[in-house]
Amino acid sequence: MRANAVESVPMTLRVCSLLCLALPAFAQTNETAKLLTEIIRIDTSNPPGKEGSLAEFLAPRFQALGFEVDPLPPPHPATAHSTPRWRGDGSRKPILLAAHADVVGVERDKWSMDPFAGIIKDGYVFGRGAIDFKGGLAVFAEAAMMLAKNKVPLARDVIFLSEADEEGGRYNTEWLAQSHWDKMDCEFSLNEGGWIIQRPDGRVRYVSISTADKIGVSLVFTAKGKSTHSSMPLPDNAIFTLAKALAKIADYETKPLLIPSTKEFFLTIAKTSEPPMSTYFSNLVNGTPEQVREADREISKDPLLHAILRNTIAPVLMQAGFRGNVIPGSAQATINFRMIPGSNVADLIGEMKRAIGDDRIEITQVTGASGGTRPPEVLERMSKTPTSSEDTELYRALAKEARTEYPGAAVTPYLFQAGTDSLAWRSRGVPVYGIYPYPIDAEDLSRMHGNDERVRVESLKTGTEMIYRTLLDVASRK
Ligand SMILES: [Zn+2]
């Protein structure tokens, strides 16, 4: 794919752009894939994370190239952030590349290989974190190191941040922003987020760059009843009451909520789709109420697209009873919601109460549990955090380099269907753009946080080229 991509770049671009600086480093080997295999072997399953060992592994590599590596004191023995910095002349504010170093754990018996062996097989790198997000960490690190290897004079510092506690835990980038903002202050940043989606034939269909994230919140639904001997059941059984409420929620669907980037996303993919989907995508944005309902029904058959156009509802935990001959006095279900920015928890609770229509169900917000739930004041801040503007040098450069690297692909802003740790910057007015910087298809995407997670070796190569050239565009001295 790469050879074709280079061929199709206009000659003027090939001759005059700084692209030529990228080629020597790629001519011999795919350093990014090699680096990824090495960091997969450092098990950073969170909990506990142990991101410090990954930071220690990377530090001498950055130092050898002249990066300033000023390790942050680990807030906890198991966690550590690291911020190698390649100095520019200081005439412009830094750019930061953020990548979380921790990964989720594995169901080891369901893998066909050791998830922490970093194996290359059949053109893929396999291992936990290959997609989320050690693959991105390897791409960002390699692209940053290439600037130093190629001795590119910079107008701004390039900061590479290897983060702790993104998948869970309290010493995440929010903690870092409160304790060491000077280490991460920048004009704009790249992080995980949007997707480079491949067609079945391998060509890239679209590149989505996330400019906002959905907001995770968990609510507990509680039903109460009289606790008594199970031989004499009463009409107010807490488990039955809860079950009826959940059945109503199962049949309930929230309405589409399209923010500007989501509208642009659907209108863009309408152009790269065949009928009837192309019609559904444009009708979702511009159709009559009846057309919107029909488009929503068809589009929502794809779980990713279903998720980005509405507040989603997912029951995740249930709790009731403690033994076989006692009717419990209460039953609880935890429901995880992913809200569109601008939504708020009070409105969501009101909507759920109306959908259930039973005063016996109490709905309360939980914090500190798994599932992306943050304290109410943080959720409030998340909901009010503006989308990152597409009118910045970094967004324009990334979009341009995505089009150059993947000719024919549509490029669009995007609302990320899950949460990331971008809030630490976005809530302070610093734009963050999210991308998993490697082409991926639906099959590989479904392995993220799953089994036999993998990323194509070739995808790592083209992704590194795209990010490297983006850095040249925004950071090199002109
Ligand atoms: Zn991630």
Side-chain angles (χ1 to χ4, degrees), residues 45-48 104-111 167-170 214-255 296-297 300-301 303 306-307 310-340 343-379 417-419 446 449-451:
S45 300
N46 185 355
V104 292
V106 294
E107 294 176 290
R108 199 175 267 262
D109 58 325
K110 301 213 167 62
W111 282 63
E167 298 286 7
R170 49 191 287 231
K214 286 184 84 181
I215 303 159
V217 58
S218 287
L219 300 178
V220 172
F221 290 34
T222 303
K224 293 197 173 133
K226 188 167 169 56
S227 175
T228 183
H229 197 289
S230 60
S231 62
M232 293 175 292
L234 297 170
D236 71 343
N237 184 299
I239 293 178
F240 278 151
T241 306
L242 180 65
K244 285 177 194 163
L246 293 181
K248 285 190 181 156
I249 296 295
D251 290 337
Y252 180 79
E253 184 61 289
T254 54
K255 289 205 165 56
D296 178 19
R297 220 170 25 244
S300 289
K301 289 174 183 167
H306 169 260
R310 57 167 34 85
N311 294 334
T312 53
I313 305 171
V316 288
L317 296 165
M318 288 190 76
Q319 224 178 0
F322 62 97
R323 57 174 294 147
N325 58 358
V326 175
I327 294 174
S330 69
Q332 292 188 320
T334 304
I335 319 267
N336 186 246
F337 297 83
R338 298 300 170 114
M339 298 192 301
I340 303 280
S343 309
N344 74 65
V345 179
D347 288 349
L348 188 65
I349 291 176
E351 186 178 349
M352 290 302 106
K353 285 191 166 166
R354 283 192 299 280
I356 293 168
D358 183 344
D359 292 344
R360 293 173 299 172
I361 301 291
E362 273 175 34
I363 303 181
T364 50
Q365 188 182 339
V366 279
T367 58
S370 57
T373 294
R374 316 245 185 149
E377 64 277 9
V378 178
L379 287 174
Q417 77 276 5
S446 70
H449 282 210
N451 307 316

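As the structure is a computational prediction, the values presented were derived from the model and not from experiment.
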*Asks:* Can you measure from CG (Asn311) to CD (Glu351) and round to the nearest 0.5 angstrom?
*Replies:*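 Interatomic distance, Asn311 CG to Glu351 CD, rounded to 0.5 Å: 7.0 Å.
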
*Asks:* Please give me the minimum heavy-atom distance between Val345 and Gln365, naming the atom from each residue.
*Replies:*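 Looking at all heavy atoms of both residues, the closest pair is CG1-OE1, 3.5 Å.
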
*Asks:* Write down the atom of Leu242, the atom of Ala333, and the distance for their closest heavy-atom approach.
*Replies:*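 Smallest heavy-atom distance, with atoms named: CD2-N, 3.9 Å.
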
*Asks:* Determine, step by step, whether Arg297 and Glu253 satisfy the side chain to side chain contact (heavy atoms under 4.5 Å, CB included) criterion, reporting the C-alpha distance in whole Å, the side-chain angles of both residues, the deciding distance to 0.1 Å, and the verdict.
*Replies:* CA-CA 11 Å; Arg297 220 170 25 244; Glu253 184 61 289; over 6 Å; no

*Asks:* Where do Tyr252 and Ala355 come nearest, in terms of heavy atoms and distance?
*Replies:*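 Distance-wise, the nearest heavy atoms are CD1-CB, 3.7 Å.
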
*Asks:* Indicate the atoms forming the closest heavy-atom contact of Gly225 with Ala238, along with that distance.
*Replies:*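 In terms of heavy atoms, the two residues are closest at N-CB, 3.8 Å.
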
*Asks:* Are Ile215 and Ser343 close enough that some pair of their side-chain heavy atoms sits under 4.5 Å apart?
*Replies:*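 Counting from C-beta outward, Ile215 and Ser343 never come under 4.5 Å.
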
*Asks:* Roughly how far, to the nearest 0.5 Å, is CD1 of Ile313 from CZ of Arg338?
*Replies:*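 Going from CZ on Arg338 over to CD1 on Ile313, the span is 13.5 Å.
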
*Asks:* I'd like to know if the side chain of Ser230 and the backbone of Asn325 have a donor-acceptor N/O pair within less than 3.5 Å.
*Replies:*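 Yes, because the side chain of Ser230 sits within donor-acceptor range (under 3.5 Å) of the backbone of Asn325.
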
*Asks:* Applying side chain to side chain donor-acceptor pair (under 3.5 Å) as the test, list every pair that has at least one member in residues 352-361; sequence neighbours left out.
*Replies:*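 Non-adjacent pairs meeting side chain to side chain donor-acceptor pair (under 3.5 Å): Asp358-Arg360.
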
*Asks:* Between CE of Met352 and CZ of Phe221, what distance do you get to the nearest 0.5 Å?
*Replies:*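 If we round to the nearest 0.5 Å, Met352:CE and Phe221:CZ are 6.0 Å apart.
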
*Asks:* Could you go step by step and tell me if Thr254 and Leu348 meet the side chain to side chain contact (heavy atoms under 4.5 Å, CB included) rule?
*Replies:* CA-CA 10 Å; Thr254 54; Leu348 188 65; 5.5 Å; no

*Asks:* Could you grab the distance from atom OG1 of Thr222 to atom CD of Gln319, nearest 0.5 Å is fine?
*Replies:*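 Nearest 0.5 Å value for the OG1-CD distance: 9.5 Å.
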
*Asks:* When you measure from the side chain of Lys214 to the backbone of Arg310, do you find a donor-acceptor pair of N or O atoms at a distance under 3.5 Å?
*Replies:*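 At least one qualifying donor-acceptor pair exists.
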
*Asks:* Side chain to side chain contact (heavy atoms under 4.5 Å, CB included) between Ile363 and Ile335: does it pass, once the steps are laid out?
*Replies:* CA-CA 10 Å; Ile363 303 181; Ile335 319 267; over 6 Å; no

*Asks:* Give, for atom NZ of Lys244 and atom CG of Asn237, the distance between the pair rounded to the nearest 0.5 Å.
*Replies:*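 Going from the NZ atom of Lys244 to the CG atom of Asn237 covers 9.0 Å.
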
*Asks:* Hey, does the side chain of Lys110 reach the backbone of Asn451 with a donor-acceptor pair shorter than 3.5 angstrom?
*Replies:*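 The answer is no, because no donor-acceptor pair under 3.5 Å joins these two groups.
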
*Asks:* Donor-acceptor pair, distance only, cut-off 3.5 Å: does the side chain of Ser227 make one with the backbone of Ile327?
*Replies:*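 Checked: pair present.
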
*Asks:* Got a second to check how far His306's NE2 is from Gln417's CD, nearest 0.5 Å?
*Replies:*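 One finds 13.0 Å between NE2 of His306 and CD of Gln417.
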
*Asks:* The test is side-chain hydrogen bond (donor to acceptor under 3.5 Å, both in side chains); show your working for Ser218 and Asn336 and say whether it passes.
*Replies:* CA-CA 4 Å; Ser218 287; Asn336 186 246; 3.0 Å; yes

